[in-house]
There are 2 protein chains.
Amino acid sequence: MRVVIAECSVDYLGRLTAHLPLATRLLMVKADGSVLVHSDGGSYKPLNWMSPPCSMAEIAPTEDETEEGVQSVWLVQHAKSEDHLRIRIHRVHHDSAHDLGIDPGLVKDGVEAQLQALLAEHIETLGTGYSLIRREYMTAIGPVDIVCRDATGMTVAVEIKRRGDIDGVEQLTRYLELLNRDPHLAPVTGVFAAQLIKPQARVLAEDRGIRCVTLDYEALKGMDDTESRLF
Amino acid sequence: MRVVIAECSVDYLGRLTAHLPLATRLLMVKADGSVLVHSDGGSYKPLNWMSPPCSMAEIAPTEDETEEGVQSVWLVQHAKSEDHLRIRIHRVHHDSAHDLGIDPGLVKDGVEAQLQALLAEHIETLGTGYSLIRREYMTAIGPVDIVCRDATGMTVAVEIKRRGDIDGVEQLTRYLELLNRDPHLAPVTGVFAAQLIKPQARVLAEDRGIRCVTLDYEALKGMDDTESRLF
DNA sequence: CACTTGATTTCGGAG
DNA sequence: CTCCGAAGTCAAGTG
């Protein structure tokens, strides 16, 4: 990886046209040729960039550019389209290269898939006497996260989200409508389970007779740990 | 902005739990306290990060951490939540700070402007025999994007949008009403051209006798490139 | 202010 | 391979 701090102006020509006036910025050139232009603020998103696959060439400035004080020009060309980035460098404050090697990558925890696995393992969290029928219960319109049975033997469809929003309720509603057409399953009730349920989603769900359950990821994981420690 | 290249491991605790094993990475500390952890690949998205508002503190490693070879620990705490990032630094390869100043920010050239230029250059996209009269045809209620003539000599007013919505149809309708009052131009027909036309807008437009044309930006640009290569 | 929508979205998984 | 949905999405516009 090459890291450059330089006074530069940037032009992007591709899906849109964008321009960055002359200012001091950080330029990051990654091993795959991709380039990131960062300012000293904002979010994690660069002001401008070129995604791989692409290649970077350092070319001589034109006469006009030289007159404007351009020292060097970086031309970053996308490999599979006409998209390109033209970085005009006026002054370099820092320039260094470093060998970082391949990154082992991020290990994520607590995403929807894990919530589903944990809830499936501890389905009694939804109430005493609940038993799991199936995870990822396939239907014509997609898989229902969890299908289980309550203490009375009634079928329950569970939709799991990290953040419970309106569209999650709509999704569960569609599943319920479909499942209730199946005489073997009907009547099927719904549970909307999420780490955080938005008030609007809760109102909509309860209005449709769907029970809302807030999932405590840490607690579920704790139950998991306790259980595994017993064996 | 501070730029550090270091062997480090990273743990994020917040909306989710994430871990980065020990490896050499670039750490960027921005003026607002936000921190970005980049590897030498991937896209513009960092492996891990903390968004502002947040604060960074360099603390002493615990005894256990020292034994594992941790030289220093960065604790990045989000100001408005419990989210935090813990960066354990094992070895520093590079560490430098730079004053970048406030960035003037990105100037985006609207896609609409480019679509207009491309369509004006390739007005025959609307049909055989079409010829351009004028771009940005001024009227009392604003400029009409494109005014042209079809094969039969009839005047055609074109409204161009990136996303064709109801209000774009309304706008074109107002122009058409005005232009049709001019005996030199009348009768004037309308074309609503957009990269994506919303169904509601299409229904409204066609109900008013306005033709809808979906613009293929890539194709138009391709025509442009082919043509310029011929000269 | 919250809500909605687009993004040079990116990223991952399933078919 | 493409298609589809989630994201610590972010960011801008709108009511």
Side-chain angles (χ1 to χ4, degrees), chain A residues 10-20 32 34-37 41-54 76-78 80-85 105-116 136 138 141-143 145 159-168 170-171 194-196 198-201 204 217, chain B residues 10-20 34-39 41-52 54 76-78 80-85 105-112 114 161-167 194-196 198 217-218 221:
Chain A
V10 183
D11 285 277
Y12 168 69
L13 244 159
R15 307 200 204 171
L16 60 76
T17 308
H19 174 71
L20 281 168
D32 54 16
S34 60
V35 177
L36 281 64
V37 182
S43 65
Y44 66 68
K45 198 174 172 181
L47 291 167
N48 219 326
W49 72 93
M50 183 61 68
S51 310
C54 65
V76 189
Q77 177 70 53
H78 194 266
K80 295 188 174 180
S81 73
E82 295 302 306
D83 292 26
H84 63 270
L85 207 58
L106 191 68
V107 184
K108 278 189 188 180
D109 209 12
V111 291
E112 185 181 321
Q114 204 153 16
L115 281 173
Q116 191 193 111
E136 300 283 343
M138 273 309 299
I141 56 171
D145 287 339
E159 176 63 33
I160 299 170
K161 289 280 178 226
R162 209 165 42 77
R163 285 171 48 204
D165 233 323
I166 294 259
D167 54 352
E170 296 289 5
Q171 197 179 338
Q195 277 187 295
L196 176 83
K198 291 277 184 76
Q200 291 185 345
L204 180 66
Y217 173 72
Chain B
V10 184
D11 284 279
Y12 168 69
L13 244 158
R15 312 212 197 161
L16 61 74
T17 309
H19 174 71
L20 281 169
S34 59
V35 177
L36 281 63
V37 182
H38 269 279
S39 67
S43 68
Y44 65 69
K45 198 176 174 182
L47 290 167
N48 221 325
W49 71 95
M50 183 59 69
S51 310
C54 65
V76 189
Q77 177 70 52
H78 193 265
K80 296 188 173 179
S81 73
E82 294 303 304
D83 291 26
H84 63 270
L85 208 59
L106 191 68
V107 182
K108 279 188 189 178
D109 269 357
V111 179
E112 186 182 321
Q114 208 155 17
K161 288 279 178 229
R162 197 158 46 84
R163 285 177 49 240
D165 232 321
I166 292 262
D167 55 352
Q195 278 188 294
L196 177 83
K198 290 281 182 78
Y217 177 73
E218 293 301 323
K221 205 159 61 113

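Below, chains carry the letters A, B, ... as their sequence lines are ordered, and counting in each starts from 1. Computation of the quantities below employed the complete heavy-atom set of this structure, encompassing side-chain atoms and omitting hydrogens, waters and symmetry-equivalent molecules.
- Taking atom CD1 of A:I160 as the reference point, atom P of D:dA7 lies 13 Å away to the nearest angstrom.
- Side-chain N or O atoms of A:D32 include one that pairs as donor or acceptor with a backbone N or O of A:S34 at under 3.5 Å.
- A donor-acceptor pair under 3.5 Å is absent between the side-chain atoms of B:H19 and the main chain of B:T17, judged by distance alone.
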Requested in this report: Using a 4.0 Å cut-off on protein heavy atoms (strictly under), produce a 5'-to-3' string for nucleotides 9-15 of chain C with B for base contact, S for backbone-only sugar-phosphate contact, and - for none.
Outcome: SSS----

**Report entry** Worked verdict on A:L13 versus B:Q114 for side-chain contact (heavy atoms from CB on, under 4.5 Å)
**Finding:** CA-CA 11 Å; A:L13 244 159; B:Q114 208 155 17; 4.2 Å; yes

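- Counting heavy atoms from C-beta outward, A:E170 and A:L204 have side chains that approach closer than 4.5 Å.
- Side-chain N/O atoms of A:K161 include none lying less than 4.0 angstrom from OP1 or OP2 on D:dG5.
- The interatomic distance linking B:L16 (CG) with D:dT9 (P) rounds to 8 Å, in whole Å.
- Where pairing requires Watson-Crick or G-U contacts shorter than 3.5 Å, the helical stems of DNA chain D with at least three consecutive pairs are C:1-7 with D:9-15, C:9-15 with D:1-7.
- The shortest non-hydrogen separation linking A:P52 to B:G42 is CG-O, 3.8 Å.
- A:M50 comes within 4.0 angstrom of nothing in the nucleic acid, heavy atoms only.
- The CZ atom of B:R15 sits 13.0 Å away from atom CD of B:E82, with the distance rounded to the nearest 0.5 Å.
- Nearest heavy-atom pair, A:M50 versus A:Y12, reported as atom, atom and distance to 0.1 Å: CE-CE1, 4.0 Å.
- In this structure a side-chain-to-backbone donor-acceptor pair under 3.5 Å is missing from B:D83 to B:H78.
- Between A:I160 and A:D145 the shortest heavy-atom distance is N-OD2, 2.7 Å.
- C:dT4 atom C1' lies 15 Å from atom CD of A:E170, rounded to whole Å.
- The CG atom of B:L106 sits 8.0 Å away from the CG atom of A:L16 when rounded to the nearest 0.5 Å.
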Query raised in the report: Passes side-chain contact (heavy atoms from CB on, under 4.5 Å), B:V37 versus B:L20? Steps please.
Result: CA-CA 10 Å; B:V37 182; B:L20 281 169; 4.1 Å; yes

Show the distances under 3.5 angstrom between N or O atoms of the protein and N or O atoms of nucleotides 1-3 of chain D.
none

